[in-house]
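Inspection log for the structure reproduced underneath, given as structure tokens.
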Amino acid sequence: MTSLAAAPMTNTDESSDTIARRVAVIGAGHVGAASAYALLMSGAAREIVLLDAERRRAEGEVMDLQHAVSLSRPVAVWAGDYADAARAAVAVVAAGVGGRPGETRLDLLGRNVTVVRDCVRALTAEGFGGVILMTTNPVDILAQVAQEESGLSVGRVMGSGTVLDTARLRAMLAAKLRIEARSIHAYIVGEHGDSEVAAWSAAHVAGVPLREYCESQGCPDFEQLLARVRRAAPDIIERKGYTSHAIASCVLRICEAVLGDERTVLPVSTLMRGQYGIEGIYMSLPSVVGRDGVAGVVELPLSEDERRGLRASAEVLRRSYESLRGQGS
Ligand code: NAD
């Protein structure tokens, strides 16, 4: 059974000064630059402002992006400051360091929490009233830190969460089942990281449960598929040093949902409020995303095993989140 959270998760008075199709990208590294490029080529944003601690890097990316404008759509792109970013409808945070080979996303926490706090403080000091989309890892914890630091309503601060892992799973299933990925409804939920859970019991093709659907042609090894999804980032980082294209596509998709007030269901990371008995920690479940960010969370019909996995995932995140206490601000 599915249910939308009854409590409103957004304030309506926070968006008064925002420019409807402006997106700010904070951090012009691999993820930020690829996201800006995706936003530019799709025409989803009319204004893109790039910020980076290394101003010249942002400027270089902007020059490169500006030369693509005449081949795409009319989009204003510039290297700006926090006053520009504060008027954006969406601020994508991609500042910080990426994973080194052998490092988990949670290892990055100590290095990235200060960066994220600094960015969010600078944004809110300028009166930001849009939606924050966190991509910096560990994305669940840092989205929660950003929400608390910003004072914005919960709905307005989300993490890209398992949108990427879900995209990876659907791409792998599509290749196995020889069906287009968009026709396969399957979610990865929980942490964006090693404790994430594949919601197999809620997965389907055209309303037919996934296991039933693939019985006739031989089911793929589901455990192996989940292991491949979990290994995707390290496998790519071992080879090219970072990941960028798929996460940029996720950023684009989430921004489109906000800018177009689509109320699209995407597994972004948001605050759990009792779902499956989980409370007070950010993680991913399918969520309704529109102009004010997350408007509600959908509870999938999970098996007992999957529920247990999800609660264990929440505990991994909670321990990591609590390790921040005492580190001060
Ligand atoms: P990168 O090193 O290429 O870029 C990071 C950029 O942040 C750099 O240009 C740096 O100068 C800038 N920066 C650092 N501190 C800053 C500050 N205080 N203010 C503004 N800019 C600052 O790294 P990347 O490969 O682009 O990865 C960025 C983050 O995204 C990492 O944490 C990585 O793990 C994460 N990531 C997340 C996902 C996801 O699914 N959520 C996927 C891929 C990468």
Side-chain angles (χ1 to χ4, degrees), residues 1-15 18 20 44 89-92 129-135 139-148 150-167 169-170 182 185-192 196-199 201-204 207 250-303 306-307 309-311 313-314 317-318:
M1 212 170 47
T2 61
S3 67
L4 282 182
M9 299 180 77
T10 54
N11 297 340
T12 47
D13 59 350
E14 289 172 337
S15 56
T18 60
V90 187
V92 178
V131 168
I132 294 180
L133 172 57
M134 181 62 56
T135 67
V139 67
D140 303 289
I141 311 279
L142 293 179
Q144 185 155 1
V145 166
Q147 191 276 321
E148 287 166 3
S150 68
L152 292 169
S153 55
V154 163
R156 285 193 176 274
V157 185
M158 63 181 136
S160 58
T162 55
V163 175
L164 177 56
D165 317 72
T166 295
L169 177 70
R170 290 169 76 203
R182 286 183 303 179
H185 300 278
Y187 289 101
I188 300 278
V189 291
E191 179 201 5
H192 169 58
E196 64 195 11
V197 172
S201 41
H204 67 90
C250 298
V251 168
L252 169 61
R253 190 64 202 94
I254 299 166
C255 286
E256 280 174 341
V258 176
L259 299 175
D261 194 20
E262 289 181 3
R263 298 182 70 86
T264 298
V265 175
L266 293 164
V268 292
S269 186
T270 187
L271 187 71
M272 294 296 101
R273 292 170 152 167
Q275 291 89 355
Y276 311 101
I278 303 165
E279 195 92 47
I281 195 83
Y282 261 62
M283 60 185 236
S284 290
L285 284 178
S287 303
V288 180
V289 180
R291 183 187 296 120
D292 297 316
V294 173
V297 173
V298 180
E299 283 193 52
L300 295 163
L302 299 179
S303 70
E306 290 162 351
R307 285 164 191 262
L310 206 52
R311 285 192 286 266
S313 188
L317 286 167
R318 198 182 302 282

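Under the side-chain contact (heavy atoms from CB on, under 4.5 Å) criterion, Val131 pairs with Arg156, Met158, Val258, not counting sequence neighbours. With sequence neighbours excluded, the residues forming a side-chain contact (heavy atoms from CB on, under 4.5 Å) with Ala198 are Ile188, Trp200, Leu226, listed by chain and number. For Glu256, the salt bridge (charged side-chain N to carboxylate O under 4.0 Å, His left out) criterion is met by Arg253, not counting sequence neighbours. Contacts of Ala143 classified as side-chain contact (heavy atoms from CB on, under 4.5 Å), with partners at least two apart in sequence or in another chain: Met134, Tyr282. With sequence neighbours excluded, the residues forming a side-chain contact (heavy atoms from CB on, under 4.5 Å) with Ser150 are Val120, Thr124, Ile132, Leu152, Val157, listed by chain and number. Residues forming a side chain to side chain donor-acceptor pair (under 3.5 Å) with Ser313 (at least two apart in sequence, or on another chain): Ser195. Remark: Ser160 engages no residue in a side chain to side chain donor-acceptor pair (under 3.5 Å) (not counting sequence neighbours).
Looking only at distances, no side-chain donor or acceptor of Gln275 sits under 3.5 Å from a matching main-chain atom of Met272. Of the possible donor and acceptor atoms, one in the side chain of Gln144 sits under 3.5 Å from a partner among the backbone N and O of Gly280. In this structure, the side chain of Asp165 does not engage the main chain of His192 through any donor-acceptor pair within 3.5 Å.
In this structure the side chain of Met283 reaches within 4.5 angstrom of the side chain of Ile278, judged on heavy atoms. The shortest distance between side-chain heavy atoms of Leu310 and Leu285 falls below 4.5 Å. With contacts defined as side-chain heavy-atom distances shorter than 4.5 Å, the pair Leu317/Ile141 qualifies. Within the 4.5 Å cutoff, the side chain of Val265 has heavy atoms near those of the Tyr187 side chain. Within the 4.5 Å cutoff, no side-chain heavy atoms of Arg273 are placed close to those of Val297. Side-chain contact between Arg182 and Arg170 is present, with at least one heavy-atom pair separated by less than 4.5 Å.
Distance check, rounded to the nearest 0.5 Å: CZ of Arg311 to OH of Tyr276 gives 10.5 Å. How far OG1 of Thr162 is from CG of Leu266: 10.0 Å, rounded to the nearest 0.5 Å.
Cys255 and Leu133 make their closest contact through SG-CD2, 4.4 Å (heavy atoms, listed as atom of the first residue, atom of the second, distance). Here the closest non-hydrogen pair linking Ala89 and Leu259 is CB-CD2, 3.8 Å. Contact record, Leu302 with Ala199: CD2-CB, 3.6 Å, taken as the closest heavy-atom pair. Closest approach of Val268 to Gly159, counting heavy atoms only: CB-O, 3.3 Å. Closest of all the heavy-atom pairs between Ser284 and Pro267 is OG-O, 3.1 Å. Here the closest heavy-atom approach between residue Ala186 and residue Leu169 is recorded as CB-CD2, 4.0 Å.
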- Task: Apply the test side-chain contact (heavy atoms from CB on, under 4.5 Å) to residues Thr270 and Val154: give CA-CA distance (whole Å), side-chain angles for both, the deciding distance (0.1 Å), then the verdict.
- Result: CA-CA 7 Å; Thr270 187; Val154 163; 4.0 Å; yes
